[in-house]
Amino acid sequence: MYHDTIIKNARVVTGSGETLCDIGIKDGCIATLGLDLGPAHEVIDATGLIALPGGIDSHVHIAQPSGPGIEMADDFASATRSAACGGNTTVMPFCLQDDGYTLREAVADYHAKADGQCFVDVSFHLIIKNTDPQTIGQDLPALIEAGYTSFKIFMTYEGLALSDSQILEVMDAAKRHNAMVMVHAENEAAIEFLRDKAEAHGETAPLYHARTRPVPVEREATHRAISLAEIAGVPVTIVHVSNGAALDEIMRARQRGVKVFAETCPQYITLTADDLDRAGFEGAKYVCSPPPRDTDEQNAIWAGIERGDFNLFSSDHCPFRFADPAGKDAAGARASFRNIPNGIPGIETRLPILFSEGVMKGRISLSRFAELTATNHARLYGLAPRKGAIAVGADADIVLWDPTLTKQISQNDLHHGSDYTPWEGFAVTGWPVRTILRGKTVCQNNTITESASGTYLPRKSPEVLL
Ligand code: URP
Ligand code: ZN
Ligand code: ZN
């Protein structure tokens, strides 16, 4: 076969481990894995580099409605440019049904924002905030059928949090139509109780965002979400797990036979609540939910990653600008942490942080890195076997990593729309030097090399991994 592109001499990470072979690409797909693949239109010499499946970030927020006067820092162009430069080839943002719109209208509107703008492939999860008969009985089944096979629900945030009976309704719909429910597990009543008390005592600085969302707030909600899923008889994914007690709930449920999947994020292995206590208003840069904890909890999350308890490592990219009244410096944010928009940027730094802290420090293998950052995302959210692995027949979504490249993460080098990174100065070893999307190089040495050629990916039902 005359290949369009051959990648030669890389250490290739496949589903069955690592191998030294060449990768032959034809018509945007991986056509051949082997040696002596013959001539090709383009030959990429990847000597000294590692070929990994393109990252899939299945938890990102892009251009999501965020309340009056608040605007996310990224549109689809800037977020996906940043994703590509961080070694990703697919991202999965959330389509939120804003007040006054049906879920189907929200999806159409979200497509209008994304279409033609994306530098990597995209696929949308839904956010369910209404459980009226039209949403649950008509729109949701139609959208699942059309390939929107996963949705996030919230147990916190005023206006978004669902009651237990609403959660059961959503889970029941997921069971009937074979979709995946992703849960943000924090107890809203407990947070409101603690927040009101903190404010009454004048405890209003960003640090109190973390103090009013302590571990039991997440542990209780995790237990409740899993119990509700058990009652409804559906698998469930607990997103952005931040601590060992919540992970213990997940592991206990798995021992009972419940299919619970677990996601964690860079912030829970690298940041702590002390970051929210930085001088002046700097702590606002680290306000996200659940909040970063302490080094003991970081160690508990690492232990879970090393044991294989976590299925997914995502960014929860949710970017706001710092020096901006439409971002972290929103009206009232300096008067109380309750008014600081929740979320941090991280779409470009997720993979280098796990590569450096996990692979290069000997905590996880390259195969485990591939599962946590691509393969499991594709399988759990219905994109496999087309996405998530270097395998014959799959899309040629391949990222070449230089494991010797050392860097200090810096806002100056990133491509997102935010004006800061929570990881400013964080030292990493290893960086993605070439991102190949369906056979075309979209980013090389931190520079975008292709026009916006990302496509939308409808999805199949989830593949239940346990
Ligand atoms: O603080 C966060 N994580 N904001 C993004 C929305 C969410 O809850 O994931
Ligand atoms: Zn969340
Ligand atoms: Zn999120």
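Each ligand, and each atom within it, is numbered from 1 in the order the structure gives.
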Provide, to 0.1 Å, the distance between atom 5 (C) of ligand 1 and the closest protein heavy atom, together with that atom's residue and name.
C318 SG, 3.3 Å
Would you name the N/O/S atom of D316 that lies closest to the Zn ion (ligand 3)?
OD1
For the pair R195 and E199, find out whether any cationic side-chain nitrogen is under 4.0 Å from an anionic carboxylate oxygen.
no
Heavy-atom contacts with C288 under 4.0 Å: which atoms of ligand 1 show up? List them by number with element.
1 (O)
Counting from 1 in the order shown, the ligand 1 atoms closer than 4.0 Å to a non-hydrogen atom of H240 are 8 (O), 9 (O)
Do any of the N/O/S atoms of K152, backbone or side chain, fall under 2.8 Å from the Zn ion (ligand 2)?
yes
Is E203 paired with R211 through a side-chain N to carboxylate O contact shorter than 4.0 Å?
no
For atom 6 (C) of ligand 1, find the nearest protein heavy atom and state the residue, atom name and distance (0.1 Å precision).
H61 NE2, 3.5 Å
Going by atom types alone, do Q117 and T80 pair a side-chain donor with an acceptor below 3.5 Å?
no
Below 2.8 Å, can you find an N, O or S atom of C318 next to the Zn ion (ligand 3)?
no
Sub-3.5 Å donor-acceptor pair from the side chain of K328 to the main-chain atoms of V287, do we have one?
yes
Under 6.0 Å between the ring centres of F94 and H125?
yes
List every atom of ligand 1 that sits less than 4.0 Å from any heavy atom of K152, numbering the atoms from 1 in the order shown and giving each element.
7 (C), 8 (O), 9 (O)
Would you check if the Zn ion (ligand 2) lies under 2.8 Å from any N, O or S atom of H240?
yes
Is there side-chain contact between M155 and L160, with at least one heavy-atom pair below 4.5 Å?
no
Looking only at protein heavy atoms, identify the closest one to atom 1 (O) of ligand 1 and say how far it is in Å.
S289 N, 2.8 Å
Report yes if the side chains of M72 and C318 come closer than 4.5 Å at any heavy-atom pair, otherwise no.
yes
Can you tell whether the side chains of R334 and D329 come within less than 4.0 Å, N to carboxylate O?
yes
Among protein heavy atoms, which lies nearest atom 3 (N) of ligand 1, and at what distance?
D316 OD2, 2.7 Å
Show the atoms of ligand 1 that are less than 4.0 angstrom away from any heavy atom in H184.
7 (C), 8 (O)
Can you name the N, O or S atom of H184 that is closest to the Zn ion (ligand 2)?
ND1
To which protein heavy atom is atom 4 (N) of ligand 1 closest, and what is the distance rounded to 0.1 Å?
N342 O, 3.3 Å
Test: D75 and R81 ion pair at under 4.0 Å
no
